[in-house]
Amino acid sequence: MNMEYKPQEIEPKWQKYWQDHKLFKADDFSKKPKKYFMVEFPYPSGAGLHVGHARSYTALDASARKSRMEGNNVLFPMGWDAFGLPTENYAIKNGIHPAQATEKNIANFKRQMKSLGFSFDWSREINTTDPKYFKWTQWIFLKLFEKGLAYQAEIPVNWCPSCKIGLANEEAVGGKCERCGVQVEQKNLKQWMIKITEYADRLIDDLDKVDFLDKIKAQQINWIGRSSGTEVYFKVKDSPEVIKVFTTRADTLFGVTAVVLAPEHPLLASLVTKKQKDSVDQYIREAKKKNEFERENIEKEKTGVFTGSFCINPINGNLVPVWVGDYVVSSYGGGAVMMVPAHDYRDYDFAKKYELNIKEVVSGGDISKEAFVDYGKLVNSGDFTGLNSEEAIKGITAWLGKNKLGSEAIKYRLRDWVFSRQHYWGEPIPIVHCEKCGTVPVPEKELPIELPYIEKYQPTGTGESPLAAISDWVNIKCPKCGGPAKRETDTMPNWAGSNWYFMRYCDPENNKALADPKKLEYWLPVDWYNGGMEHTTLHLLYSRFIYKFLYDIGASPTSEPYQKRTSHGMVLAEDNRKMSKSFGNVINPDDIVRDYGADALRVYEMFIGPFDQAIAWSTNGLKGCYRFLEKVYARAKEGEESVPDAESDENKKKLNRLINKTIKRVSQDADNLKFNTAISALMIFMNESSGLHLQKSEEEKEIFSKFLVILSPFAPHLAEELWREIGHKDSIFEEKWPQYDPEMIKEERVKIMIQVNGRVRGEIEVEENIPKEKAEELAISDEKVKNWIVGKDIKKVIFIPNKLINIVI
RNA sequence: GCCGCGGUGGCGGAACUGGUUUACGCGUACGACUCAAAAUCGUAUAGGAGUAAUCCUGUGUGGGUUCGAGUCCCACCCGCGGCACCA
C-alpha cells in the first residue's frame, strides 16, 4: 500500500469500478422501498460546473448513497436543461450550431460530475433538446391547448432591445433583462399565454400536503398573492357603464371621494368628457412612455387627471369624480380603485396634491396629519356607524351583495404565464396557423416538430423568431383542411423542458407516452428535491402547476410532484462576493479535484456551514478537510504497528462507545440536513480514537470498518479504497448502514455540575442515576462549594438527574 | 411598507425539549523535528484582574419570567433574502 494519500490515483479507479459494476442503477418495480432523490439538472453553460452545483449534488449524493445502504431502491438521476439563450448567443458569435455547442458543454459537465464521484444513474440521462424528449414537451402544450389553458393574446410584453426577445415578468425583475441586464421596454406583441392563474388556489392550498422549507412555502404564497375582499360596483352618472373596483377595506366605503382608473382601463375612453379630452389624452400618452417599471417606482409622486365624469357611490348615493392615475395597476383588480384618502397612504398623497376631499370614516387617527390605515370604529357611515372594521367589512359586503351592487371577490397577484419566445434554440410550439381554419394544433402523431437546420440564429428584431425566415419549414399544408398554412414560429421558454423532467427520468426511452404510468406510479412523487432558492417562484411554481394539470388529465399519479423541497445556500467567493469571471474570483472544481481530490471538496462543502445558508469559499477550510482525510488514510496503515495498551479492556470499551456515538450523530445529522455537524462528528471520532489501536483484533477492525461506512457517503473514494485495503471483498456501497446500540452509548459515570444560586461552582463525578439526597450530600461537602455556602441558609435545592444540582441560598 | 430568516471568539460556525457558551475547522502564538523553510506533531487561544488557586464580565440593545436564559416573553437596533403604488 502506498504510504501517501493520493486521491488523484484512488478516485478515478473507483469511479470506473462503480460504473462497470452498475452499483447505482435504479431498479423499476423493485420490492425494496423506493426513494427518489433529485437535484435540479443544470443548464450546461460554457463556464462549466460551479462549486455551488457541487454543494447541492454532494448533499443529495451522500443522502442517496446512505439511503441505498439502508436498503432502499434509490433513483438519483441527472440530465441537461439545455435549451437557452446563452447557447444561442454563443452559437451566433462563433458561427456554430447551438446543438454542437450544447453537445460540447454537456460532455464537459458530465466529465466534471464524474470526477466528483456522484452516484447518478447515468442510464437515465435526459436532455431537453433531444427531439425524443421535447416531443413530450410539445405534447403537453397540445394538451394545454386542448383544455383551453393555452391561448394567444396581444399584450404589452417586456421587450429586451439587446436580446431582441420578449420576457416573462419573472425574467425582467426590476425592469432589467435577466440575461443581459439591459433596461426592458414595453412592446405589444401577440403571445402564447398559459393560464396558470386558474390553478392559483390549488397551488397555495396544496402546499399543506408537502414538506417544503417554510420559507419556500411562504415565497410561493407571497408570489401568488391571494387576497380576499369586495368588488364594488360604481354606476357611472348619465351612462349605462359600471366601474368595478376591488377593495379589501369595504369598511371605508363611506369615505370614498373619487374613483381612479388605470390609464389602460377599457372604459376610460367612453368616460372622458369633451372638455377633459385633451388633458386626459395627453396624460395617457405620457404614462405610456414610462414603462411599467418606472410607473411602479413608489418614490415617484402620484399624478392623475380628472376625466370629467362622475359615478355613484352605491352605499350612500353620493356622486364622486372619476379620475385617471398611473399609480393604479392596470393588470390587478380590474385596474380601478376607490379612493379613500383618509384611510390609505397613497390615496392621501393623491388627494392632498389635487385638493380632493378627505373624509374620515374610521376613528382612531388624526387625518389632518396622515392617513389612518388601521382598523377602528366606524364614524360618518350611516347605519354602519359604530361597528368595528371587521364587522363593517362583512356587513357592507353583505349589504352590497343583497342589493346587487357588489360581491365578495378574491384577487391574485399571479399573472398568466407568457409562454412565447422569439428565438431559435427552444421547443417549437406545435401549432399551425391556417387562413381558413385559424389556429390549428399539430396532430399528435406528427410530433416532434423538430427545429430546422438554419444558417442564421440571429433574432429578426421584428418580434418574430428566426424560424420565420425558413420558408420551407414555415409554409405547410393545414392539417385540418389541407389548404395553405404557416407554422407557429415562436418557441417555448426555457422553463418548458424543466416542468416535467422528473417524470421522464422514470422512463427515459418511452416513445408511446411521456412515461409509462406504472413506472410513474412506482417512483413518484420525488421524495426529496433540492435546488436553488432562485427557482422558488419560477421553476418550482411552474412545474407544480404543469404537474397538477397532468394529474387532472390522468397523466400523473399524484397531485404534487415533490414531497420535500429544500434549497441550498449559495457558495460565494472568498471575498464574499458572487463568483464571477469579471471579479476573477471563480473557483473551478477541476483545479480542486486536481490538487486535493474530489473527496476533500465534497467533505469541505458539507462541513463549511449550514446547508441552507450562503457561505464564502475558503481554501484554508478545504485544506483542513484534506488533512482530516489524510489522517483517516494514515490510520488505516497504522494497523500493522503496535500501540501500547491499545487492547486493554478500558480502551476497547471507550472505542465501542465512541463509534456508537458517532454512528448515532452522523445518521441523525445527515437525515436532518445537518451535514456540517455530521462531518464534525467524524472528525471527533478521529481525534478521540487517536492512540487507540484500530485494526489488530477483529473487534477493532470491525469498529474501523463501521467508521468507513459512515464516512463513505461523504468521501466515497477514500472509504472504498480503505475498505478494500483492510480486507473486504465487495464494495463498501453494498454494505449495510450500521445501527448504533443505545446500551453502548450510556456512560457509567456522569459529571454533575454544582451550582450555587445558578452559578457554576463545582463539579462531581458520580455513578449514573444517583438519588437527589446523595447528590446533595456530595455537593455540600465539595471543597469549592463549601466556600460559597458556609454560613448561609439553604433555601432550596434543585436537582436534575445526571445533570446538575443547584443550591439556592 | 409587508413576509421570511438571522445577530455567539480574530474568522466559518457548535450548543438536544431552558441546565458548564464557544464543539469541529480555520487563523494566530509558542514549542518539537530541520542547517533552514515547508509539511507534520504538541501546547495555548472570549475579554479583564491576579505569581497562582481563583474571581469578575461576556451570545446586537433595554426590560421581564425563572433557582438558572444564546434558548421563553415584551420593546427596540442592525444585517440578509423575497415581495412591493396589488387597493
Side-chain angles (χ1 to χ4, degrees), chain A residues 173-174 213-223 225-227 229-230 232 245-250 252 260 262 295-302 325-340 343-347 349-350 373 411-415 533-534 536-537 567 569-570 603-604 607-610 612-625 627-628 630-631 634 668 674 676-684 686-687 690 751-763 784 787 795-800 802-809:
Chain A
V173 173
L213 291 184
D214 285 342
K215 64 174 168 184
I216 295 175
K217 286 189 184 183
Q219 264 191 44
Q220 294 225 337
I221 290 168
N222 223 316
W223 187 264
R226 176 163 65 187
S227 95
T230 310
V232 187
V245 308
F246 176 72
T247 180
T248 55
R249 292 297 302 271
T252 64
V260 188
R295 275 175 57 186
E296 282 176 4
N297 183 353
I298 52 171
E299 307 300 325
K300 275 237 163 84
E301 208 180 343
K302 286 153 193 57
D326 70 3
Y327 76 98
V328 179
V329 177
S330 66
S331 50
Y332 180 82
V337 301
M338 59 186 217
M339 199 187 70
V340 186
H343 304 292
D344 183 285
Y345 294 124
R346 295 153 301 186
D347 295 346
D349 290 349
F350 193 79
V373 298
K411 300 286 176 191
Y412 306 89
R413 264 169 224 219
L414 185 71
R415 318 277 165 84
M533 202 64 208
E534 71 276 18
T536 301
T537 49
S567 292
M570 263 203 289
V603 168
Y604 167 67
F607 176 65
I608 188 59
D612 61 346
Q613 235 171 71
I615 49 157
W617 177 267
S618 156
T619 298
N620 277 329
L622 171 82
K623 283 181 190 163
C625 293
R627 274 180 217 135
F628 161 66
E630 260 184 332
K631 272 187 220 162
Q668 291 181 349
K674 294 168 85 175
N676 52 336
T677 50
I679 302 294
S680 111
L682 292 166
M683 289 172 167
I684 290 169
M686 287 303 290
N687 293 345
S690 76
K751 283 177 186 169
I752 292 187
M753 76 178 117
I754 308 165
Q755 295 183 336
V756 178
N757 278 357
R759 311 207 50 156
V760 180
R761 297 302 182 191
E763 186 183 85
K784 287 182 208 161
N787 295 332
K795 280 191 192 155
K796 196 155 96 172
V797 175
I798 287 143
F799 178 67
I800 313 273
N802 301 326
K803 262 200 179 141
L804 69 81
I805 181 157
N806 187 11
I807 301 162
V808 186
I809 53 174

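Throughout, protein chains are lettered first and strands after them, A, B, ... in sequence-line order, and every chain is numbered starting at 1. Just so it is clear, the structure is predicted and the values come from calculations on it, not from any experiment.
Across all strands shown, B/rU66 remains unpaired; no Watson-Crick or G-U wobble contact has both distances below 3.5 Å. Under the Watson-Crick or G-U wobble criterion, with both distances below 3.5 Å, B/rA87 has no partner in any strand shown. Of all nucleotides present, none satisfies the Watson-Crick or G-U wobble test against B/rU22 with each distance under 3.5 Å. Applying the Watson-Crick and G-U wobble criteria (two distances, each under 3.5 Å), B/rC76 pairs with B/rG60. Base pairing of B/rC30: its partner is B/rG42, meeting the Watson-Crick or G-U wobble criterion (both donor-acceptor distances under 3.5 Å). B/rA52 is unpaired under the criterion used here, namely a Watson-Crick or G-U wobble arrangement in which both key atom distances are under 3.5 Å.
Contact annotation: A/Arg759 reaches the phosphate of B/rU57 (side-chain N/O to OP1 or OP2, under 4.0 Å). Residue A/Tyr345 places no side-chain N or O under 4.0 Å from the OP1 or OP2 atom of B/rG1. Using a 4.0 Å cut-off, no side-chain N or O of A/Arg627 falls inside it from OP1 or OP2 of B/rC41.
The distance from atom CE of A/Met686 to atom P of B/rC41 is 11 Å, rounded to the nearest whole Å. Straight-line distance from the CG atom of A/Asn757 to the P atom of B/rU66: 15 Å, rounded to whole Å. Taking atom CH2 on A/Trp223 and atom C1' on B/rG4, their separation rounds to 16 Å, with Å as the unit.
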- Task: Step by step, work out the side-chain contact (heavy atoms from CB on, under 4.5 Å) result for A/Tyr604 and A/Thr619.
- Result: CA-CA 9 Å; A/Tyr604 167 67; A/Thr619 298; over 6 Å; no

- Message: I'd like to know whether A/Met533 forms a side-chain contact (heavy atoms from CB on, under 4.5 Å) with A/Ile216, so could you lay out the CA-CA distance, the side-chain angles of the two residues, the decisive distance to 0.1 Å, and finally the verdict.
- Response: CA-CA 8 Å; A/Met533 202 64 208; A/Ile216 295 175; 3.9 Å; yes

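Taking only distance into account, the side chain of A/Lys302 meets the base of B/rC85 through a donor-acceptor pair shorter than 3.5 Å. Scanning atom types as modelled, no donor and acceptor separated by under 3.5 angstrom connect the side chain of A/Gln219 and the base of B/rG81.
Only the P atoms considered, B/rG25 is 12 Å distant from B/rU43, to the nearest whole Å. Spacing between B/rG9 and B/rG1 at atom P, rounded to whole Å, works out to 28 Å. When the P atom is used for both B/rA37 and B/rC30, the distance is 12 Å, rounded to whole Å. Rounded to the nearest Å, the gap between the P atom of B/rU54 and that of B/rG62 is 30 Å. To the nearest whole angstrom, the two C1' atoms, one in B/rG42 and one in B/rC33, are 11 Å apart. Separating the C1' atom of B/rU59 from that of B/rG70 is a span of 5 Å, rounded to the nearest Å. The separation of B/rC83 from B/rG13, taken at their C1' atoms, amounts to 30 Å, rounded to a whole angstrom. A gap of 43 Å separates the C1' atoms of B/rG50 and B/rC35, to the nearest Å.
A side-chain contact (heavy atoms from CB on, under 4.5 Å) with A/Val337 is found for exactly one of A/Val260, A/Val245, A/Val329, namely A/Val260.
At the heavy-atom level, A/Asn222 lies under 4.0 Å from base atoms of the strands shown. Using a 4.0 Å heavy-atom cutoff across all strands shown, A/Arg226 reaches no nucleic acid atom at all. At a threshold of 4.0 angstrom between heavy atoms, the contacts of A/Asn687 are confined to the sugar-phosphate backbone, with no base atom among them. Nucleic acid contact class of A/Ile684 (heavy atoms, under 4.0 Å, all strands): sugar-phosphate only. Residue contacts shown for A/Val337 include a base, since a base heavy atom lies under 4.0 Å away. In this structure, A/Ser227 reaches the sugar-phosphate backbone alone: every heavy-atom distance under 4.0 Å involves primed, P, OP1 or OP2 atoms, never a base.
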- Note on the structure: For nucleotides 5-15 of chain B, 5' to 3', base contacts (B), sugar-phosphate-only contacts (S) and non-contacts (-) with protein non-hydrogen atoms under 4.0 Å give -------BSSS

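A/Asp344 contributes no side-chain N or O that, together with a main-chain N or O of A/Met339, makes up a donor-acceptor pair within less than 3.5 Å.
The glycosidic torsion of B/rG13 lies more than 90° away from 0, placing the base in the anti range.
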